[in-house]
Amino acid sequence: MAESTTLGKALNRALHDALAEDPSVVVYGEDVGPLGGVFRVTDGLTAEFGEDRCFDSPLAESGIVGTAVGMAMYGLRPVVEMQFDAFGLPAFEQVVSHVAKMRNRTRGRLELPMVIRVPYGGGIGGVEHHSDSSEAYYTHTPGLRVVTPATPSDGYSLLREAIGSPDPVVFLEPKRRYWAAEETALPVRTEPMDRAVVRRAGRDATLIAYGPMTATALEAADAAAGEGLSVEVVDLRTLSPFDDATVAASVRRTGRAVVVHEASAFGGYGAEVAARLTEQCFHHLEAPVLRVCGLDVPYPPPKLEEYHLPGVDRILDAFDRLQWEREWTSTGPAEVRG
Amino acid sequence: MAESTTLGKALNRALHDALAEDPSVVVYGEDVGPLGGVFRVTDGLTAEFGEDRCFDSPLAESGIVGTAVGMAMYGLRPVVEMQFDAFGLPAFEQVVSHVAKMRNRTRGRLELPMVIRVPYGGGIGGVEHHSDSSEAYYTHTPGLRVVTPATPSDGYSLLREAIGSPDPVVFLEPKRRYWAAEETALPVRTEPMDRAVVRRAGRDATLIAYGPMTATALEAADAAAGEGLSVEVVDLRTLSPFDDATVAASVRRTGRAVVVHEASAFGGYGAEVAARLTEQCFHHLEAPVLRVCGLDVPYPPPKLEEYHLPGVDRILDAFDRLQWEREWTSTGPAEVRG
Amino acid sequence: MKPSRTAHATAQAPPLPSAEPIALVDRTGRRTGQSALAGPDQDVLTELLRGMVVGRRFDRQAGALARQGRLAVYPSSRGQEACQVGAALALGGRDWLFPTYRDSVALVTRGVDPVEVLTLLRGNWHSGYDPHRHRCAPQCTPLATSAPHAVGLAWAARRAGEEAAALVLMGDGATSEGDAHEAFNFAAVWRAPVVFLVQNNQWAISVPVHKQSAAPTLAHKAVGYGMPGLHVDGNDAAAVYAAVGGALQAARAGAGPALIEARTYRMDPHTNSDDPGRYRDPADDRYWAERDPVDRLEALLRAEGAVDDAAMERFAAEGERLAARVRERMAAEDDLSPGDLFEHVYASVPEHLRRQREDLSAAFGED
Amino acid sequence: MKPSRTAHATAQAPPLPSAEPIALVDRTGRRTGQSALAGPDQDVLTELLRGMVVGRRFDRQAGALARQGRLAVYPSSRGQEACQVGAALALGGRDWLFPTYRDSVALVTRGVDPVEVLTLLRGNWHSGYDPHRHRCAPQCTPLATSAPHAVGLAWAARRAGEEAAALVLMGDGATSEGDAHEAFNFAAVWRAPVVFLVQNNQWAISVPVHKQSAAPTLAHKAVGYGMPGLHVDGNDAAAVYAAVGGALQAARAGAGPALIEARTYRMDPHTNSDDPGRYRDPADDRYWAERDPVDRLEALLRAEGAVDDAAMERFAAEGERLAARVRERMAAEDDLSPGDLFEHVYASVPEHLRRQREDLSAAFGED
Ligand SMILES: Cc1ncc(C[n+]2csc(CCOP(=O)(O)OP(=O)(O)O)c2C)c(N)n1
Ligand SMILES: Cc1ncc(C[n+]2csc(CCOP(=O)(O)OP(=O)(O)O)c2C)c(N)n1
Ligand SMILES: [Mg+2]
Ligand SMILES: [Mg+2]
């Protein structure tokens, strides 16, 4: 029976169900035990499954990821949490040099079915180091799957799939959407992990988003519709590997594309999206693929983050720069592209 | 008087001259003292300037970068070495959370005039972890300058400038070019740090390269010339900030561009180059900006690295895919673009 | 550089830290008479008490501002005043302090403008004060990461011939991080003038210290680096002051680094948004309330006649004035400069940021 | 989960490691008669000697292959045979070994196919053997990074009810890395069945151990984690075997981890491409040559009548046969599969890698 569930609760339920179904799943990290995590995503798990299945570790991210590598080598399915995105950085060597490479190194003899959960992104008024978006570091690293849900049902389904995956998954949780609710009946299975989905159909332009920006993208599409512009919104869901088929098909249809993310533009994930779509859809493009991203500055303090984060207005501005053949009027373009 | 100098020797000379001129410069890291570094870039410096100016530290990259932050806070100009690119990863948190952000954090009150030297890239038959290219991790991080010389004279000049810079510089040294020689008279000053240069003029396409790939790009341009194709080669020299003016001007002139690097394509630096040039030059582009990069796999073992690394052939193949209006003949295209 | 063949086996092992923390003043406010530390004189003790009373008032004010939403968050110092005030007062004028997010009271004690101390938590900028002015590094959030900075800075200061040391504040949880280890080790190998003060407040958010370490004390970690380790009562300002002061002096004199564990307790939640009811026993709060650092020193100084009601009222009034000033200035309009976002990324604003700044002012129609 | 208010102060401090390394056999091949370690019996000692003779021959062969350019590089084990053979033979069948790039001799002793051991250094792939078959993790290059893997694996094994421990090999230099600290700490807090064996060969490439640590011994690091630390003579195979074997047994029995420093010496350059003439004194080589691990055990066993010329010739012949087999098989064509580049990135080949594979075979005109 469908009921209103938040992303945070859906993730919690996914961990719960994974622990219940598979004894090889263990959940650990900083404050994930009795406290239930600083965002309560692991709430109640220690109480229900015991200290043996969900527990607090010493405070050391490289150690957390490194021990998870060892557990996964042994056949467990560890799910570890980096408390905030920036605090995953101490583990970066483990992630790049081992998590991503162990299968390759051993020609498939050692696989690492592990999940690194990372609450990421801003918009929560967090002080320095609490609002970063590091997806570009992870997605540039072959061997990792990088997944990020935008909705509670995807949160549940993608996390279950990530835990079941034979490959290591960096699971990026858009922390400002933890409290976003949706009517859904859990357990639920949504589209498979490596598939992007069209969240809203449109004819005139494709807006590509993921994680925290999906909701913003949908809002922007709504606003654009009010001005007569029909925008298709694609939610990537999995950042690596990239679902070229779905996204390129949309862009070929609309002929215009904007990609949006919170991370800084320069060398950001949106560059890859823009570059590969341009390679694949060049003759369908009426305008360059535009990026609406965070500024190329360190993440600002809370009171200035609004200047940094892409919002509806900046997305609408980007639509304006898509080199329409005619001026837009309030009732839409004089000539609509097929 | 010009004489033949290798990149390794030019870098050594730059460190030497910086130490001689500025008492606030200190050089340290793993094996940079009496051994002179595993690539001999610090050869003779301890002997000449003493253990106080060039020395071996404990073996811990985060500690090396972290202590350099403190020295720079105090006003020194530390130049530290990460022995190989992959061994810079333990310092990644220090680089991202502190090196890149200290100036911003303190509104300019604390600046960090420090240089992190990183021998990077492959092609030397190195075993795992000895051939990586991490420029995408660094260039996505605002607050860092990321510089990479391709020639001995640039090696000298850019390293001197990096050491003199008030901003922290990640200085990426193309290790397979350490032994590449050039006739030059040191000390030399080449173009400023944040400027790209056209290494070879051309009309038909722009080939964008940096560091280890600049020489390969020039070879490819030579080969293409043999087939009648006139290729302009741009050496970026500084990856961040990006010299939009120089590169975009070239691409607008030629109408076609290929970017080449050793790192994996996905989310690589080339994506940024392609995306921003497409944004800036869309109406001048006859074809999408193509990328010739490492495969999207972990860096292969030595005997397979040839399959991974971009070479002249793969660059020439990319030229073929630049959607010429006519077939190329051995004497060049029937119609040459302005 | 001739390495000895038996190189490191010749180093002397410093004595082991004591399992029980060293106190100069016991929890009832009596001098313990122990002799491992030289006790500070009454003037210093009075200063320590004054600092703690004022610091606690500041801390309470900041907590209130956080509850009112005027600070993004506030990590309280209540219960840890002996550590923070003791440490800050032990610093010499040329010494450097490397505080964490929790060490606002140490900064206020050091003389930094309280409103500038709160800039980070208020959300106006990442740090509000000029680090050079009071020789205080910005408050550090990524755990243990400022420890190597302190080592590098202290090494540089000694190299420059300055008689200065650096004091690193860190929590019990932070000792588990790799950076703590690397900093301890670099300091010891380089004999850098650094003192590491671990405020073991028993908790790293919800994780108790026995899940961080299986060592007899955190001070025992010093042994593995060949530096002295000292275990002191962190609710005894006299002991903290004496231990930190002694170690700083030794460091300045060239004796190298030291590690001090101060055993204390975080009386409040981790921050105002934490819920300790989920993970700790209120009995612990009571246990530690009986060991309150302010009460204890007040009892001693009253018993010894060094302070009386009037003095205590003076300290309280000073605290009230400071709190009022903070309230007032925090009520003022925010002084926000979005332009600063671009200004302080590099020494000068590069072209691409200039363009982004223009776009931004176009969009927000200002600056 | 009720944290004690005096939590970690109740832990017992294990005894300090000795400044002088414990030896069972002195450099002249006489039993020292010390009683801190139980000496292995003569059969084991003979096995140790055999393993060292064969291992040294393998090592020499690999060095020759490197000089001929048939290996990309070879980090020699010469001088460290007592550590590597002693440690490998001390392992039980269900125990796991976590070796570094230098520990080829330990792997060969463990029974891994020598040619598969050399796959990494030959440059054909990053690791050649099946880690499950002999319970040997791939040789690890990024220093100290496999130590937390061992902790996680050992923890998982104990949780599964297996009586198995993990043995981590690491160098003196590697102890400076943050990951070493984090691994030591996780192991101690979790009481994971892990033994850390630090082969202190005096050098990290060109950096002497006194620039890595100011501690009396590296074994002293154990104190800060609340685990036992032992300092043994790393050129005495009997002592290494006894120390590692004892620690593994204790670990399997639930006593938690231990840290053992084995004092030894890297007789050769760091790798075949290193030039130790730049940084170390040849007198050191002579000093250590007199303490050779093979000579010493041979002298003991000859004196005790356990081995004779015939036995030594048998061992030598076994080494020669192994070397010959290695030479022969290494002369064979490389078995390279570029297709593997795409095969083992993910469990199945994603679309974009399928395309790259196709491009590649088109370009190279093959699969
Ligand atoms: C590298 C890093 N990881 C995680 C965090 C998140 N975090 C903030 S405070 C804290 C607990 C710190 O405990 P402790 O070191 O004992 O200091 P205390 O807060 O008790 O003063 C954690 C896990 C962080 N700030 N930095
Ligand atoms: C994280 C990391 N940093 C640097 C290196 C480069 N490196 C390879 S071996 C070595 C020295 C290691 O010394 P030690 O740990 O004593 O081991 P040994 O080689 O003496 O066996 C260095 C610096 C590395 N492999 N990993
Ligand atoms: Mg604490
Ligand atoms: Mg060594």
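A, B, ... follow the sequence lines: proteins, then strands. Residue 1 opens every chain.
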> Most heavy-atom pairs under 4.5 angstrom with chain D, which of A:S57, A:G63, A:S165?
Replying inline: A:G63
> Using a heavy-atom distance cut-off of less than 4.5 Å, which residues of residues 273-281 of chain A contact chain D?
Replying inline: A:R276, A:Q280
>> Please classify the contact of A:D52 with chain D as side chain, backbone, both or neither, using a heavy-atom distance under 4.5 Å.
In response: both
> Using a cut-off of under 4.5 Å for heavy-atom pairs, which of D:C140, D:P350, D:P138 has the most such pairs with chain A?
Replying inline: D:P138
>> Shorter than 4.5 Å, heavy atoms on both sides: which option in A:T46, A:L144, A:T106, A:V65 has the most such pairs with chain D?
In response: A:L144
> Do you know which of D:R159, D:H352, D:E162, D:H132 has the most heavy-atom pairs with chain A at a distance under 4.5 angstrom?
Replying inline: D:R159
>> At a 4.5 Å cut-off on heavy atoms, which part of D:D179 comes close to chain A: side chain, backbone, both, or neither?
In response: side chain
> Side chain, backbone, both or neither: which part of D:A183 has an atom under 4.5 Å from a heavy atom of chain A?
Replying inline: neither
>> Is A:A68 close to chain D through its backbone or its side chain, or both, or neither, when contacts mean heavy atoms under 4.5 Å?
In response: neither
>> I'd like to know if the side chain of A:R252 reaches the main chain of A:H284, judged simply by a donor and an acceptor atom lying under 3.5 Å from each other, with no hydrogens or angles considered.
In response: no
> Do D:S127 and A:R109 have side-chain atoms, one donor and one acceptor, less than 3.5 Å apart?
Replying inline: no
>> Under a 3.5 Å threshold, yes or no: a donor from one side chain and an acceptor from the other, between A:D132 and A:S134?
In response: no
> chain A heavy atoms under 4.5 Å from D:L353: which part of the residue, side chain, backbone, both or neither?
Replying inline: neither
> With the threshold set at 4.0 Å, does a side-chain nitrogen-carboxylate oxygen contact exist between D:E351 and D:R355?
Replying inline: yes
>> For the residue pair A:Y28 / A:T67, report whether a side-chain donor-acceptor contact shorter than 3.5 Å exists.
In response: yes
>> Can you tell me which portion of A:F242 sits under 4.5 Å from chain D's heavy atoms? Options are side chain, backbone, both or neither.
In response: neither
>> What I want to find out is whether A:R237 reaches A:D243 closely enough, with some N-O distance under 4.0 Å, to be called a salt bridge.
In response: no
> Will you find, in the side chains of A:R105 and A:H98, an N or O donor that is under 3.5 Å from an N or O acceptor?
Replying inline: yes
>> Do the side chains of D:R252 and D:E163 get close enough for a salt bridge, i.e. N-O under 4.0 angstrom?
In response: no
> Going by distance alone, is a donor N or O of one side chain under 3.5 Å from an acceptor N or O of the other, for A:N12 and A:D43?
Replying inline: no
> With only heavy atoms counted, which part of A:I64 is less than 4.5 Å from chain D, the side chain, the backbone, both or neither?
Replying inline: both
> Would A:F84 and A:F39 satisfy ring pair (Phe, Tyr, Trp, His ring centres under 6.0 Å), going step by step from the backbone distance to the final call?
Replying inline: CA-CA 10 Å; A:F84 286 83; A:F39 293 107; 5.3 Å; yes
> Would A:E48 and A:H16 count as having a side-chain donor-acceptor pair, cut-off 3.5 Å?
Replying inline: yes
> Which answer fits A:S62, side chain, backbone, both or neither, if we ask what part of it has an atom under 4.5 Å from a heavy atom of chain D?
Replying inline: both
>> Between A:E21 and A:R160, does any NZ, NE, NH1 or NH2 come within less than 4.0 Å of an OD or OE carboxylate oxygen?
In response: yes
> Based on non-hydrogen pairs under 4.5 Å, which of D:L120, D:L153, D:V189 is most in contact with chain A?
Replying inline: D:L153
>> More than 12 heavy atoms of other residues, nucleotides or ligands under 6.0 Å from CZ of A:R189: yes or no?
In response: yes
> Side chain, backbone, both or neither: which part of D:A192 has a heavy atom under 4.5 Å from chain A?
Replying inline: neither
> Should D:E343 and D:R357 count as an ion pair when the cut-off is N to O under 4.0 Å?
Replying inline: yes
>> Using heavy-atom distances under 4.5 Å, tell me whether D:Y129 contacts chain A through its side chain, its backbone, both, or neither.
In response: backbone
>> Check whether A:R107 reaches the backbone of D:H344 with its side chain - one donor and one acceptor, N or O, closer than 3.5 Å.
In response: no
>> If you count heavy-atom pairs within less than 4.5 Å of chain D, which of A:E111, A:Q94, A:R145, A:M73 leads?
In response: A:Q94
>> Counting only non-hydrogen atoms closer than 4.5 Å, does A:V26 touch chain D with its backbone (N, CA, C, O), its side chain (CB onward), both, or neither?
In response: side chain
>> Less than 4.5 Å to any heavy atom of chain D: does that hold for the side chain of A:P23, its backbone, both, or neither?
In response: backbone
